[in-house]
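Take a look at the structure below.
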2 protein chains.
Amino acid sequence: MGASIRIGIAGYGNLGRGVQAAIAKNPDMELVGVYTRRDPSAVVLQGPAPVFHMDDLAKHTGDIDVLILCGGSKSDLPEQGPALSASFNTVDSFDTHAMIPEYFAAVDAPATAAGKTALVSAGWDPGMFSINRVYGEALLPDGETYTFWGRGLSQGHSDAIRRVPGVAGGVQYTIPNPTAIEKVRAGERPVLGTREKHVRDCFVVLEDGADADAVREAIVTMEHYFDAYDTTVNFIDAATLAAEHTAMPHGGFVFRSGNTTDEHAQVIEYSLTLESNPEFTSSVLVAYARAVHRMNAAGQVGAKTVFDVAPGLLSPKSPEQLRAELL
Amino acid sequence: MGASIRIGIAGYGNLGRGVQAAIAKNPDMELVGVYTRRDPSAVVLQGPAPVFHMDDLAKHTGDIDVLILCGGSKSDLPEQGPALSASFNTVDSFDTHAMIPEYFAAVDAPATAAGKTALVSAGWDPGMFSINRVYGEALLPDGETYTFWGRGLSQGHSDAIRRVPGVAGGVQYTIPNPTAIEKVRAGERPVLGTREKHVRDCFVVLEDGADADAVREAIVTMEHYFDAYDTTVNFIDAATLAAEHTAMPHGGFVFRSGNTTDEHAQVIEYSLTLESNPEFTSSVLVAYARAVHRMNAAGQVGAKTVFDVAPGLLSPKSPEQLRAELL
């Protein structure tokens, strides 16, 4: 093995912490710096690493092989992705599906101009689930693709609950419908509406004096987030919320069900059962950092997605080893 | 879409028929010839296509973009792979795992010299299962990989049964142990011996006057094939064998179970439920033919495996479409 791949982390929230943990599991990588917009001396790390202010990144362009962008998709990445891919090879988890083409273009131009490689939208969805949608469609062109999410805590829906007047705290779990999954798994190719695929389960702490019925009604009728689903609202106290609902499990299923001939149906299933959503996402980012390092060395510059990355590039093993051990 | 990708089929057994069926499902492809070692006029096709003798391939090098090699791994491919990759871009399903490095080298030299691209060992195992073993190991380096096969008809074990004296016919099904699968799925990372992972179920037709107990004993004690497993031998008549055991279902599971931190376990599962093993394998070969055509156009020559092929190359959709629709 050659020299370590030198990784920088930009942004130290759940994802940044997960990236630090993932680097520790990969002996061919080295964490050379955590970059934060906060006061570096105030950042509590979960393991030893140099901490710098984000403004110091410009001084460290020669020290970092791949910078992993751990900010959010709403306001951090749209700004940081295009700016930082002009100076670094980057990996990010931009996950606003509808905005991906625009974000890709915004990152592609500076990265290409600078001879850098920028892998956008890695993680599990977008990411590993997307890869399985592409493989499924390509292998079984006469078929249907189904994606189910959960059982898992949805950050976006939890945030939506907490904005409801009268709510002091709360979380939302997305739960796939087991009957729908069984039909898909059996190769029935059902037509499934939104309400048939998932249910939503909320655990809510009321503010003092709030009207439970009004809160419940406000949640279950909320447009885009809940109105198209069967939603259950459970009221709990703050202690229960803190004790039982701080973990961030998630996961889901991607199915491709199709026919190779009229006589023969085939079903492909990919599923994830994650005790920690951010830690798994971080692990994916770190594996793709290895691929980005190699692609940049091979002259493959500009914005890339998981669709552009050959599986072998993610592994620390050589092509010869992979063929001998894993093919 | 540009001109069709012109596909040739070398060898017309179960796999060749499956490739013909798969090409019919892919509108960007065209079957330009079936090549056989038999008398071309004696080959019964399941759909219209020009049929030629294998010796005519040399005259058709300009007519075929990718030649899909549909022969067997035991004697056909070791000869045909190196010979034909000197004149054609090829895809094959060479599946003798222990011999893959040697086969890869034998194909790589002539393909590289001729500027051709040769994708070896595609299918589902080796193939899609191998890809999932690589992804799993790269995403969860602190973990264990488990591959289970079945429930499915094993050609090799069925052949072994039929070589036992006193056996007139028979098939063998490989069945994964559901208890073992549940433990793996639950993230327990069990240590599983051969006997705990799979059982083998045989359906045997005896020759007239054969001794059932002797046949059973010969099967269950057969080295390499059965002695390490719990094997059940069921005796049936020829009519039942013909009526109930001609389908070729198969499938299986690849799991990666690992920890991102001491606190959090993660489980990745990939599974296939195939009503026709050869038709699914053929579908994989055809999707990889598309990738090979593109890789050759991009100057990526020599022997390749599924580990070297970016997922997007398998899809008829453009990178822009894939990002907008499937990421």
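All chains are named by letter (A, B, ...) in the order of the sequence lines, taking the proteins before the strands, and each is independently numbered beginning at 1.
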Practice item. Give me the contact list for residues 138-150 of chain A versus chain B, heavy atoms only, anything under 4.5 Å, ordered by residue number. Key: A:A138, A:L139, A:L140, A:P141, A:D142
Sort [X] into side chain, backbone, both or neither according to what part of it lies under 4.5 angstrom from a heavy atom of chain A.
X: B:E137; value: side chain
X: B:F129; value: neither
X: B:D125; value: side chain
X: B:E325; value: neither
X: B:V309; value: backbone

Point to revise | Proximal to chain A - members of residues 245-260 of chain B, heavy-atom separation under 4.5 Å | key: B:N259, B:T260
Donor-acceptor contacts under 3.5 Å from residues 299-308 of chain A side chains, at least two apart:
from, atom 1, to, atom 2, distance (Å)
A:T305, OG1, A:F307, N, 3.1
A:D308, OD2, A:T305, N, 2.8

Any side-chain heavy-atom pair from [X] and [Y] closer than 4.5 angstrom?
X: B:R323; Y: A:F104; answer: yes
X: A:E320; Y: B:P101; answer: no
X: A:L326; Y: B:S130; answer: no

Review point. In chain order, what residues pass the salt bridge (charged side-chain N to carboxylate O under 4.0 Å, His left out) check against B:E275, with sequence neighbours excluded?
Key: none
Check your understanding: Is chain B contacted by the side chain of A:N132, its backbone, both, or neither, given a heavy-atom distance below 4.5 Å?
Key -> side chain
Point to revise | Interface moiety of A:I100 toward chain B, non-hydrogen atoms closer than 4.5 Å | key: side chain
Practice item. Calculate, to the nearest 0.5 Å, the distance between atoms CD1 and CG belonging to B:I131 and A:L314 respectively. Key: 11.0 Å
